[in-house]
2 protein chains.
Amino acid sequence: MNDNSHIIKYVNQYIELTKEEEDYFSSLITNKSIKKRQYIIQPDFVAKNRSFVLDGAFRGYLMCTEGKEHTIAIAIENWWITDYNSYIFQQPATLFIEAIENSKIAQLSYDNEQKLLDKFPKFEKLFRILSQQSLASTQRRIMSNLSDSAEIRYEKFIRDYPKVVNRLPQYIIASYLGFTTEYLSKIRKKRVEA
Amino acid sequence: MNDNSHIIKYVNQYIELTKEEEDYFSSLITNKSIKKRQYIIQPDFVAKNRSFVLDGAFRGYLMCTEGKEHTIAIAIENWWITDYNSYIFQQPATLFIEAIENSKIAQLSYDNEQKLLDKFPKFEKLFRILSQQSLASTQRRIMSNLSDSAEIRYEKFIRDYPKVVNRLPQYIIASYLGFTTEYLSKIRKKRVEA
DNA sequence: AAAAGAACTTGAACTAGTTCAAGATTTAGG
DNA sequence: CCTAAATCTTGAACTAGTTCAAGTTCTTTT
């Protein structure tokens, strides 16, 4: 049965909801189970949803012309994930968004989000805060990419996301940090030796 | 006299304001003239304001330990600029934000923003939309940084910001794109020859 | 219009990180 | 428990982009 108490509790950290608001929000949410390696968003299709991870892990990646994968976003429990360029402007996606583990998500569709915002403008605040926080962390990521060496970016990643490091295969971490899996292998070897 | 019609018109593109809302918003905005090379935000001080560029150009940059500058953000007319990590969480800044030209800005302080949002929650929507759009473009920037060569990043920059290219000194463009001014010089030479 | 300061260019030597290829290890599924 | 698939490792050759240093050009100020 779909009891949305987990995501409702999460939302209540940002805005206090009345019972009516909770119920309406709940009615707009769709719960899904996603198997490992399954995609929830693919290039050329419009990202219809933003997804809140209840359990499991996802990544968003770009497949470049030479066939290399570049991980743009990762998400574990209590993170949202989507192709924002696609979702916000309702244009075709460029990212693949793939489950890295068997996962459970709560999805909010673009149309339902509009309904929600129209009916209860209080939710504007939720999405304002969420996107401001994402913006701040994305800006920190750009800073690190521009000014830190591969080794330091990896150190910071371990420090900032200790829970994520051991759950993700290393080729995903490497492609998130902007270098190759071979190079990360060398960095790790060096760390162990030191 | 401070006539805020320009920024008010800008805001009205996103949310329709009543006269009362316009006046209140207007009362919370401070207009300033900033000379070229003057700073509006410096590391270790909390970013008290977000600034809307009425006229001129700014950049936000990081000074790394080896003394190199990394441009994180640029802004011309009708763009907002601040150190978001500092502003949103009201913690010490890490960026310098510097006027690249003699400029005019309209500033909204963090405290005034809270007042504004409390009194007229309609403004939640404005800041939600603005930060979502910034988030989308920041995500595009990360994609390009991870998957494109220096040359292609420069081509895309020219294509996406044609008005900016000729206004900024090339060392700023290079540091925004993540390479050296010497290398950009070589890229430009190659383009002219081709 | 001279002088000083910013910004840009050029080339040669260098290095952080890539590429490729082959083997070793771990994980998942039936 | 066995097999196939996925992931990780290692080393040698390579390259995109850096560094440094010196000279040139453009801008600003007086």
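Chain A is the first sequence line, chain B the second, and so forth, proteins listed ahead of strands; every chain is numbered from 1.
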Participant: Rounded to the nearest angstrom, tell me the gap between atom CD in B:Glu182 and atom C1' in C:dG11.
Facilitator: 12 Å
Participant: Which whole-number value in Å describes the distance from B:Asn166 CG to C:dA7 C1'?
Facilitator: 15 Å
Participant: Can you tell me how far P of C:dT15 sits from OH of B:Tyr183, to the nearest Å?
Facilitator: 18 Å
Participant: For C:dG29, take OP1 and OP2 only and decide whether either is under 4.0 Å from a side-chain N or O of A:Arg37.
Facilitator: no
Participant: Between B:Tyr176 and B:Tyr61, is the ring centre distance below 6.0 Å?
Facilitator: no
Participant: Pick the nucleotide of DNA chain C nearest each of B:Lys186 and A:Lys186; which residue has the one closer to the 5' end?
Facilitator: B:Lys186
Participant: Ring-plane angle category for B:Phe123 and B:Phe25, please: parallel below 30°, perpendicular beyond 60°, tilted otherwise.
Facilitator: parallel
Participant: Would you say a side-chain N or O of A:Tyr171 is under 4.0 Å from OP1 or OP2 of D:dT7?
Facilitator: yes
Participant: How many whole angstroms separate atom CD of B:Gln170 from atom P of D:dT27?
Facilitator: 13 Å
Participant: Compare side-chain N and O positions of B:Arg153 against OP1 and OP2 of D:dG17 and report whether any pair is under 4.0 Å apart.
Facilitator: yes
Participant: Expressed in angstrom and rounded to an integer, what is the separation of A:Lys35 atom NZ from C:dG29 atom P?
Facilitator: 9 Å
Participant: Can you tell me the distance, in whole Å, between the CD1 atom of A:Ile100 and the C1' atom of D:dT7?
Facilitator: 14 Å
Participant: Can you tell me how far C1' of C:dA7 sits from CZ of B:Arg188, to the nearest Å?
Facilitator: 11 Å
Participant: In this structure, are over 12 heavy atoms from other groups packed under 6.0 Å from B:Glu16 atom CD?
Facilitator: no
Participant: Answer with base, sugar-phosphate or nothing: what part of the nucleic acid does B:Phe179 contact at a heavy-atom distance below 4.0 Å?
Facilitator: sugar-phosphate
Participant: Taking atom C1' of C:dG5 as reference, at what distance in whole Å does atom NZ of B:Lys36 sit?
Facilitator: 12 Å
Participant: In the structure I gave you, are the side-chain heavy atoms of B:Val164 and B:Phe157 within less than 4.5 Å of one another anywhere?
Facilitator: yes
Participant: Side-chain N or O of A:Lys68 less than 4.0 angstrom from OP1 or OP2 on C:dT19?
Facilitator: yes
Participant: For C:dG17, take OP1 and OP2 only and decide whether either is under 4.0 Å from a side-chain N or O of A:Thr180.
Facilitator: no
Participant: Going by atom types only, do B:Tyr87 and B:Glu113 share a side-chain donor-acceptor pair under 3.5 Å?
Facilitator: yes
